2 protein chains.
Amino acid sequence: MSGNQRQSKRIQTRRENERLILEAAEKVFAEAGYGGATMQLIADMAGLPKANLHYYFATKEELYRTVVARIFEIWLHAAESFDNAPGPVEGIGAYIDAKMEISRRHPFGSKVWASEVMHGAPVIQDYLETTLREWTDGRIGAIQRWIDDGLMDPVDPRHLLYMLWATTQHYADFGHQIETLNGGAALDAGQWAGATETVKRIILRGIGAREIRPDLAK
Amino acid sequence: MSGNQRQSKRIQTRRENERLILEAAEKVFAEAGYGGATMQLIADMAGLPKANLHYYFATKEELYRTVVARIFEIWLHAAESFDNAPGPVEGIGAYIDAKMEISRRHPFGSKVWASEVMHGAPVIQDYLETTLREWTDGRIGAIQRWIDDGLMDPVDPRHLLYMLWATTQHYADFGHQIETLNGGAALDAGQWAGATETVKRIILRGIGAREIRPDLAK
DNA sequence: GTCTATAAATTGATAGAC
DNA sequence: GTCTATCAATTTATAGAC
């Protein structure tokens with residue numbers, strides 16, 4: 001085996017183990033909280049000896065930081081569906097679709113994010129003050145333009161954004177409560193679609209979002 | 001001093017200390033999570049030696065249970081504003097007012113509740129399956145009657161309830177994020193009023209809530 | 001009822017053989 | 001890179017003097 005092949009194998013092993021550890025960590029941090037999570041629990045769930053976790057991630061906090069950063073990336077990617085939309089029906093509609101899909105596919109990540117913010121964002125405060133603030137300001141500007149163009153009612157864009165975050169993330173963060181009230185069963189595909197449609201309908205109608213009528217455009 | 005007076009004093013001391021401990025515990029559990037909270041931290045914040053906590057509450061879990069139960073009581077009390085309302089404008093409007101006021105006045109309690117549910121409700125699962133489920137079913141019936149009476153659009157009552165919980169509790173649970181995006185300052189009285197009005201307006205308009213017109217009643 | 005001292009168990013992290 | 005054994009610090013809970 002050549003040196004290159006050996007190195008490639010080593011890199012692959014590292015990547016695979018890091019993935020195993022990060023997936024296990026995301027679940028354990030979500031279910032037990034940062035303080036309740038133990039390296040032993042994460043190691044067991046990843047199927048690795050505890051010492052190996054410390055080989056890949058020096059400290060518990062570094063592992064946690066990596067988990068939170070991954071979630072933020074997913075979150076930011078969904079935010080793109082907001083951009084380049086001609087009006088609120090398309091932009092906000094697509095954003096709700098994307099956020100609901102994330103709540104469905106990444107419930108653990110959403111919970112870790114919620115927990116981090118609830119505890120005062122000790123690890124990702126810099127993200128809140130830079131990336132998130134910039135994104136928020138940009139979207140507030142976009143919503144204000146839609147209002148100015150008469151495409152929706154004049155509602156406070158900031159609080160509208162909070163409503164979008166709250167309603168969509170609720171299905172992940174409070175998923176256990178929703179499941180209990182659903183007779184102990186997780187929402188099926190139809191129920192997820194129904195939830196998404198209800199949220200979209202109430203919010204879009206609530207802000208008086210109007211379709212763009214090309215025939216009426218000047 | 002008579003025996004009665006002595007006993008009364010003792011009861012008063014107990015009540016006062018329990019209050020001190022519970023307030024400190026609510027704050028520490030909210031900010032550090034169950035696993036991150038330590039009896040030492042709670043004792044320091046309450047201004048009592050750690051051993052005294054164990055005198056009043058045998059275990060950390062018993063103290064936590066008491067904190068969560070207190071929040072649930074406050075939560076249930078606010079739910080009453082939903083009842084005996086003639087229509088959705090009054091009922092849902094008053095409910096949003098009450099829930100927003102709780103988010104403002106009991107942010108720690110809201111966070112402890114959110115954290116408990118996010119971690120699978122290990123301590124209050126029985127509340128979810130009994131009291132909360134009954135309350136939810138009752139309110140779904142009330143909303144359905146409003147729909148049948150033509151007082152609002154036919155939206156899924158269950159998802160409407162989730163939207164009400166999500167939007168109002170978001171201002172407590174994600175208060176730190178909102179504060180950061182508000183330039184690092186907590187919302188002032190005017191901003192809280194603005195948030196409440198925006199939430200009410202979007203939801204009430206979103207469900208097509210109509211005022212009861214007595215002159216049109218049969 | 002209050003408080004100091006301490007027991008018993010757990011946890012994050014590391015040493016060192018393989 | 002992997003894994004066993006172990007250290008050092010922390011934490012819940014209690015014993016026992018006052």
Side-chain angles (χ1 to χ4, degrees), chain A residues 1-22 24-29 31-68 112 115 119 122-123, chain B residues 1-22 24-29 31-68 119 122-123:
Chain A
M1 206 188 267
S2 78
N4 274 350
Q5 278 177 321
R6 231 188 336 248
Q7 196 181 4
S8 164
K9 178 80 180 295
R10 213 179 290 146
I11 288 172
Q12 202 183 337
T13 300
R14 167 170 280 275
R15 215 173 270 169
E16 169 68 6
N17 280 340
E18 281 180 352
R19 195 186 58 79
L20 273 175
I21 295 169
L22 284 171
E26 183 175 295
K27 190 170 182 194
V28 172
F29 281 133
E31 292 180 342
Y34 180 80
T38 68
M39 296 297 271
Q40 186 65 64
L41 228 82
I42 296 171
D44 291 348
M45 183 148 295
L48 293 169
K50 188 174 62 146
N52 289 32
L53 265 65
H54 285 285
Y55 175 74
Y56 287 102
F57 299 92
T59 65
K60 180 182 175 183
E61 190 178 324
E62 185 188 319
L63 173 55
Y64 174 75
R65 262 193 82 92
T66 309
V67 169
V68 176
V112 175
S115 202
H119 297 157
V123 167
Chain B
M1 208 188 264
S2 78
N4 274 350
Q5 278 176 320
R6 225 184 344 235
Q7 195 181 5
S8 163
K9 179 78 179 297
R10 214 179 290 149
I11 288 172
Q12 201 183 337
T13 299
R14 166 171 281 275
R15 213 171 274 169
E16 169 68 6
N17 280 340
E18 282 180 351
R19 193 186 59 79
L20 272 176
I21 294 169
L22 285 171
E26 182 175 295
K27 190 170 183 194
V28 173
F29 281 133
E31 293 181 341
Y34 180 81
T38 68
M39 296 296 271
Q40 187 64 63
L41 228 83
I42 297 171
D44 291 348
M45 183 150 294
L48 293 170
K50 188 176 61 144
N52 289 32
L53 264 65
H54 285 284
Y55 174 74
Y56 287 102
F57 300 91
T59 65
K60 180 183 176 183
E61 190 179 324
E62 185 188 319
L63 173 56
Y64 174 75
R65 261 193 83 92
T66 309
V67 169
V68 176
H119 297 158
V123 167

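All chains are named by letter (A, B, ...) in the order of the sequence lines, taking the proteins before the strands, and each is independently numbered beginning at 1. If you're wondering where the values come from, they're calculated on a predicted model, not measured in any experiment. These numbers come from the heavy atoms of this one structure, side chains and all, not from hydrogens, waters or symmetry mates.
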Starting from the 5' end of DNA chain C, give me the residue, A/G36 or A/A58, whose nearest nucleotide shows up first.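 In this pair, the answer is A/G36.
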
May I have the distance from [X] (atom [atom1]) to [N] (atom [atom2]), rounded to whole angstrom?
X: A/L41; N: C/dT11; atom1: CG; atom2: P; value: 8 Å
X: A/Q12; N: D/dG1; atom1: CD; atom2: P; value: 12 Å
X: A/N52; N: C/dC18; atom1: CG; atom2: P; value: 17 Å
X: B/M39; N: C/dT4; atom1: CE; atom2: P; value: 17 Å
X: A/Y55; N: D/dG1; atom1: OH; atom2: P; value: 4 Å
X: B/K50; N: D/dT11; atom1: NZ; atom2: P; value: 9 Å
X: B/E62; N: D/dT12; atom1: CD; atom2: C1'; value: 14 Å
X: B/Q40; N: C/dC3; atom1: CD; atom2: P; value: 13 Å

Of the nucleotides [options], which has the atom closest to the [X] side chain?
X: B/T59; options: C/dC3, D/dC3, D/dA13; answer: D/dA13
X: B/A51; options: D/dT2, D/dT14, C/dG12; answer: D/dT14
X: B/Y56; options: D/dT12, C/dG1, C/dT14; answer: C/dG1
X: A/K60; options: C/dA13, D/dT11, C/dG1; answer: C/dA13
X: B/T13; options: C/dT2, C/dG12, D/dT4; answer: C/dT2
X: B/H54; options: D/dT14, C/dA13, C/dT2; answer: D/dT14

Parallel under 30°, tilted from 30 to 60°, perpendicular over 60°: which one fits the rings of B/F29 and B/Y34?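 The rings of B/F29 and B/Y34 lie parallel, inter-plane angle below 30°.
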
NZ/NE/NH1/NH2 to OD/OE distance under 4.0 Å, A/R19 and A/E16: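 Here A/R19 pairs with A/E16 in a salt bridge, since their nearest N and O are under 4.0 Å apart.
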
Side-chain (A/K27) to main-chain (A/M45) donor-acceptor, under 3.5 angstrom: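 Judged by distance alone, no pair lies under 3.5 Å.
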
Let me confirm one number: the CG-CD1 distance from B/N52 to B/I21, rounded to the nearest 0.5 Å.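 Interatomic distance, B/N52 CG to B/I21 CD1, rounded to 0.5 Å: 7.0 Å.
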
Once you round to the nearest 0.5 Å, how far does CZ of A/R65 lie from OG1 of A/T59?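 Between A/R65 CZ and A/T59 OG1, I get 10.0 Å after rounding to 0.5 Å.
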
Name the nucleic acid region contacted by B/A37, choosing base, sugar-phosphate or nothing; use a 4.0 angstrom heavy-atom cut-off, strictly under.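 B/A37: backbone/sugar contact only, no base atoms under 4.0 Å.
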
Toward the 5' end of DNA chain D, by each residue's nearest nucleotide, A/G47 or B/Y34: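 Checking each residue's closest nucleotide, the 5'-ward one belongs to A/G47.
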
